[in-house]
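A quick write-up on the structure given underneath.
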Amino acid sequence: MKKINLKEILIPIIVLTVICLISGAALSITNEATAEKIAANEQQKTDEAMMTVMPCEHFEQIGDTDLYAASSGDKVVGYAAGQTAVGYGGDVTVMVGIKLDGSINKIEIVSCDDETPGLGQNIKTDDFKSRFNGLSGKLTIGEDVDAWSGATISSTAVCNAVNAALELYSENIMEVQ
């Protein structure tokens, strides 16, 4: 029977533990150093999407929601609402411009990075996004909006996010009036 040598067991355990601690600390420091920049970049993407779907002079957040009143001068000209739904590969985030009558001015895909290139990511095309312009109410893929061929799940995710944005508008603006 072979005698157990504690040195042969403890040294690799200690070395691996030190490596893990150093790696963890490095990741933590990197995350801390980049968090502010990442948040600023995300906010810039959101701001650009809001200006795309509802051009105006400034936006004002309504309560603690993802709904923003779009104003030019002191007059509200519409609303912008950002919502996320689950697509084929992950989350799909959509910004929806909503006119004062509750119809869609325009939509913009803020994020769909995990959708399949060449299929699901086609939801970013102007051809697909323009299918929502002027629509209102609860929308259904195949009835109100044609899905992108080969990307039904991604198209449905966009429709679900648009419906959530219209619902947010309805709950916070239409019911108040």
Side-chain angles (χ1 to χ4, degrees), residues 31-32 34-115 120-148 151-177:
N31 183 54
E32 195 67 32
T34 59
E36 193 174 304
K37 180 69 173 171
I38 291 170
N41 287 342
E42 289 298 319
Q43 186 60 50
Q44 182 180 0
K45 266 175 88 172
T46 300
D47 292 346
E48 288 172 0
M50 286 194 303
M51 285 302 285
T52 299
V53 300
M54 189 54 68
C56 66
E57 291 176 6
H58 68 276
F59 290 94
E60 184 177 333
Q61 187 173 12
I62 297 175
D64 62 350
T65 67
D66 290 324
L67 181 65
Y68 297 82
S71 301
S72 290
D74 59 353
K75 182 180 177 190
V76 174
V77 295
Y79 298 88
Q83 292 293 295
T84 301
V86 178
Y88 181 76
D91 287 344
V92 174
T93 303
V94 180
M95 185 64 65
V96 182
I98 305 168
K99 297 177 188 176
L100 294 176
D101 65 1
S103 65
I104 298 169
N105 184 53
K106 192 174 186 180
I107 72 165
E108 184 65 27
I109 308 301
V110 178
S111 173
C112 68
D113 300 333
D114 295 328
E115 298 305 289
Q121 289 202 7
N122 285 332
I123 60 176
K124 294 189 291 190
T125 65
D126 289 336
D127 178 40
F128 178 73
K129 294 184 298 186
S130 67
R131 297 174 189 185
F132 291 87
N133 296 354
L135 300 177
S136 61
K138 183 146 176 73
L139 306 176
T140 304
I141 287 291
E143 291 178 26
D144 305 301
V145 180
D146 289 332
W148 190 269
T152 306
I153 296 172
S154 301
S155 301
T156 301
V158 172
C159 191
N160 290 341
V162 168
N163 282 333
L166 291 172
E167 181 69 23
L168 184 63
Y169 166 80
S170 177
E171 290 172 356
N172 288 279
I173 303 303
M174 294 301 291
E175 291 180 4
V176 174
Q177 295 177 349

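Annotation: the span from T52 atom OG1 to I107 atom CD1 amounts to 12.0 Å, rounded to 0.5 Å. Between N160 atom CG and T140 atom OG1 the span is 9.5 Å, to the nearest 0.5 Å. Rounded to the nearest 0.5 angstrom, I109 CD1 and I123 CD1 are separated by 4.5 Å. Note that the CD atom of E42 and the OG atom of S111 stand 7.0 Å from one another [nearest 0.5 Å]. Residue D66 holds its CG atom at 8.0 Å from OG1 of T84, rounded to the nearest 0.5 Å. Residue E60 holds its CD atom at 10.0 Å from OH of Y79, rounded to the nearest 0.5 Å.
The local environment of CD in Q61 is crowded, with over 12 non-hydrogen atoms from other residues, nucleotides or ligands closer than 6.0 Å. Within 6.0 Å of CG in D126 there are 12 or fewer heavy atoms belonging to other residues, nucleotides or ligands.
With hydrogens and angles ignored, the 3.5 Å screen pairs no side-chain donor or acceptor of S170 with any backbone N or O of L166. A donor-acceptor pair under 3.5 Å is absent between the side-chain atoms of E108 and the main chain of V94, judged by distance alone. E115 places a side-chain N or O within donor-acceptor distance of the main-chain N or O of Y88, the cut-off being under 3.5 Å. A donor-acceptor contact shorter than 3.5 Å links the side chain of S155 to the backbone of W148. Using modelled atom types, no side-chain atom of N163 and backbone atom of K138 make a donor-acceptor pair closer than 3.5 Å. In this structure, the side chain of N105 engages the main chain of V53 through a donor-acceptor pair within 3.5 Å.
Between A80 and F59, the shortest heavy-atom contact is CB-CE2, 3.9 Å. What you find for F132 and L139 is that their closest heavy atoms are CD2-CD1, 3.9 Å. Shown here for D114 and G90, the closest heavy-atom pair between the two residues is CB-N, 4.1 Å. Taking both residues in full, the closest heavy atoms of G87 and I153 are given as C-CG2, 3.7 Å, listed atom of the first, atom of the second, then distance. Closest approach of A81 to L168, counting heavy atoms only: CB-CD2, 4.3 Å. Contact between A161 and Q83 at its shortest, heavy atoms only, is O-CB, 3.4 Å.
Two residues are said to be in side-chain contact when any heavy atoms from C-beta on lie closer than 4.5 Å; V158 and F128 meet this criterion. For the pair I98 and I173, the minimum side-chain heavy-atom distance is 4.5 Å or more. The shortest distance between side-chain heavy atoms of N41 and K37 falls below 4.5 Å. Side chains of C56 and S71 form no contact here, defined as non-hydrogen atoms less than 4.5 Å apart. For the pair M95/Y68, no side-chain contact is recorded, criterion being any heavy-atom separation below 4.5 Å from C-beta on. V86 has its side chain within reach of D91: a pair of non-hydrogen atoms, C-beta onward, lies under 4.5 Å apart.
Side-chain atoms of D127 and T125 include no donor-acceptor pair closer than 3.5 Å.
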